[in-house]
Amino acid sequence: MLKGLYTAASGMLAQQRRQEVLSNNLANVNTNGYKADQGQLRAFPEMLLKSMESKPTAMDGSRYTTTSKEIGSINSGVYVQETIPNFIQGDLRETGISTDAALVDGNVPDENGSLFFAVQTAEGQAYTRNGNFTIDAEGFLTNDQGSYILDTEGNAIQTNNQTYTLTADGTMQFVDGRNIQLGISYVQDANLLDKQGENVYSASEEAQVADARATDGVTYNIVQGAVEGSNVNLQQTMADMMQAYRTFEMNQKVMTAYDESLGKAVNEVGKL
């Protein structure tokens with residue numbers, strides 16, 4: 001009976017964690033370049049149940065023979081193993097602001113490959129899909145958190161407060177004749193990126209990051225005066241939140257039933 005209590009409790013905890021993930025997605029439905037997190041539910045390892053029986057083999061009971069019989073396997077609950085962002089392309093939204101840039105995916109050679117803008121944060125080089133750029137007081141191109149946007153050489157981009165035209169391949173053509181290429185990074189498996197917060201990802205030791213322009217089979221397009229929106233599906237997220245709530249509620253009722261049964265076993269059966 002206690003095993004059923006633990007199983008129901010693990011189900012409640014898993015749905016609570018799933019609800020937190022969905023709530024965070026819902027809160028970022030209007031965040032530029034945000035990638036919705038997906039909670040991965042996993043069952044605890046299966047356990048093999050056996051029944052064991054001991055029978056005396058001597059008249060005086062000095063020797064016993066133990067036999068066992070397999071009953072079957074059972075799972076002891078479920079948990080949220082990890083949360084993985086969904087890196088599919090979000091919808092584009094025109095802003096009319098010349099410093100904004102939307103990164104539009106083309107072809108990638110790897111199933112989980114994805115493209116990112118390169119930025120410089122306090123923790124080092126990182127990657128983002130948020131193209132809501134601006135020019136700071138010193139003339140550097142930054143994102144909306146104040147982090148420097150990097151070029152292909154990994155350097156902060158100095159605009160000298162001049163206007164520029166952004167080509168489809170990410171080249172900034174300034175009015176003074178300078179050309180600077182935005183740093184567009186290709187990550188072979190985006191699931192290996194670590195979430196830093198503020199819509200920015202860092203590369204783990206396993207992640208393979210390369211210059212998108214120098215990677216065979218990678219195509220993309222940069223749109224000036226637009227940003228990529230969040231890829232959160234509002235209707236699906238609301239439906240998933242309702243499902244998580246109902247599942248939590250069902251596990252709660254199971255726990256209540258077990259609790260009542262235990263109460264009767266202790267307070268009523270024990271009196272007989």
Side-chain angles (χ1 to χ4, degrees), residues 28 30-36 85-95 97-108 110 112-136 138-159 164-174 178-204 207-215 218-231:
N28 286 281
N30 292 318
T31 301
N32 296 325
Y34 178 80
K35 301 303 179 185
N86 181 3
F87 287 100
I88 65 171
Q89 177 85 50
D91 295 332
L92 264 60
R93 178 171 60 87
E94 290 189 20
T95 64
I97 301 174
S98 61
T99 53
D100 285 343
L103 179 53
V104 182
D105 294 333
N107 295 320
V108 293
D110 303 287
N112 296 320
S114 191
L115 296 158
F116 298 88
F117 295 111
V119 298
Q120 183 68 36
T121 67
E123 289 75 24
Q125 185 167 323
Y127 310 93
T128 185
R129 293 285 299 200
N130 183 4
N132 183 206
F133 299 154
T134 188
I135 298 175
D136 67 9
E138 298 177 346
F140 288 101
L141 187 67
T142 65
N143 66 4
D144 53 8
Q145 302 299 323
S147 299
Y148 293 131
I149 305 302
L150 304 180
D151 61 14
T152 53
E153 303 298 325
N155 301 315
I157 298 175
Q158 175 58 258
T159 67
Y164 59 86
T165 300
L166 192 59
T167 65
D169 70 343
T171 300
M172 305 169 66
Q173 299 177 338
F174 291 89
R178 290 183 303 141
N179 289 335
I180 298 178
Q181 289 186 323
L182 282 175
I184 309 297
S185 298
Y186 173 68
V187 182
Q188 191 176 39
D189 186 352
N191 293 329
L192 296 177
L193 294 177
D194 296 324
K195 208 167 190 177
Q196 283 190 2
E198 305 296 346
N199 217 0
V200 171
Y201 302 87
S202 60
S204 64
Q208 298 184 23
V209 184
D211 183 354
R213 297 180 180 86
T215 304
V218 173
T219 61
Y220 62 90
N221 185 35
I222 302 293
V223 180
Q224 187 174 16
V227 293
E228 178 186 0
S230 169
N231 69 354

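The chain is numbered in sequence order, starting from 1.
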For the backbone of Thr159 and the side chain of Arg178, can you confirm whether one donor and one acceptor N or O come within less than 3.5 Å of each other?
yes
Can you measure from CG (Asp136) to CD1 (Ile149) and round to the nearest 0.5 angstrom?
10.5 Å
How close do Lys35 and Pro85 get, heavy atom to heavy atom, and via which atoms?
CB-CB, 4.2 Å
Any sub-3.5 Å donor-acceptor pair from Thr171's side-chain atoms to Gln181's backbone N or O?
no
CG-CG distance between Asn199 and Asn143, expressed to the nearest 0.5 angstrom:
9.0 Å
Has Gln158 got a side-chain atom pairing as donor or acceptor with Glu138's backbone, closer than 3.5 angstrom?
yes
Closest heavy-atom contact between Asp211 and Ile184?
OD1-O, 3.5 Å
With rounding to the nearest 0.5 Å, note down the distance linking OG1 in Thr99 to CG in Asn132.
7.5 Å
Keeping the roles fixed (side chain from Gln89, backbone from Asp105), state whether a donor-acceptor pair exists under 3.5 Å.
yes
Would you say the side chain of Leu193 lies within less than 4.5 Å of the side chain of Phe116, judging by non-hydrogen atoms?
yes
Rounded to the nearest 0.5 Å, what's the gap from CG on Leu141 to OH on Tyr164? Could you check?
5.0 Å
If you measure from CD on Glu123 to OG on Ser147, what distance do you get to the nearest 0.5 Å?
8.5 Å
I'd like to know if the side chain of Asn231 reaches the main chain of Asn86, judged simply by a donor and an acceptor atom lying under 3.5 Å from each other, with no hydrogens or angles considered.
yes
Taking ring pair (Phe, Tyr, Trp, His ring centres under 6.0 Å) as the test, write out the residues that go with Phe133, two or more places apart.
Phe117
Can you tell me if CG on Asp91 sees more than 12 non-hydrogen neighbours from other groups inside 6.0 Å?
no
Show the nearest heavy-atom pair for residues Ser98 and Gln224, with the distance to one decimal.
O-NE2, 2.9 Å
For Ala212 and Tyr220, which heavy atoms make the closest approach, and how far apart are they?
CB-CE2, 4.1 Å
Test Val209 against Tyr127 for side chain to side chain contact (heavy atoms under 4.5 Å, CB included), laying out the working first.
CA-CA 10 Å; Val209 184; Tyr127 310 93; 3.5 Å; yes
Applying the side-chain contact (heavy atoms from CB on, under 4.5 Å) criterion to Phe87, which one of Asn191, Asn112, Leu115 satisfies it?
Asn191
Short question: side chain of Gln173, backbone of Thr165 - any donor-acceptor pair under 3.5 Å?
no
For Val108, side chain to side chain contact (heavy atoms under 4.5 Å, CB included) partners two or more places apart:
Tyr186
How about Gln145: does its CD atom have over 12 heavy atoms from other parts shown lying under 6.0 Å from it?
yes
Would a distance-only check, ignoring hydrogens and angles, find a side-chain to backbone donor-acceptor pair under 3.5 Å from Arg93 to Asn32?
no
Would you check if there is a donor-acceptor pair between the side chains of Thr128 and Asn130 at a distance under 3.5 Å?
no
How close do Thr95 and Ala226 get, counting heavy atoms only, and between which atoms?
OG1-N, 3.9 Å
How long is the gap from CG on Leu103 to OG on Ser185, to the nearest 0.5 Å?
10.0 Å
Please report the shortest heavy-atom distance between Ala126 and Thr121, naming the atom on each side.
CB-CG2, 4.0 Å
Is any side-chain heavy atom of Val227 closer than 4.5 Å to one of Ile97?
no
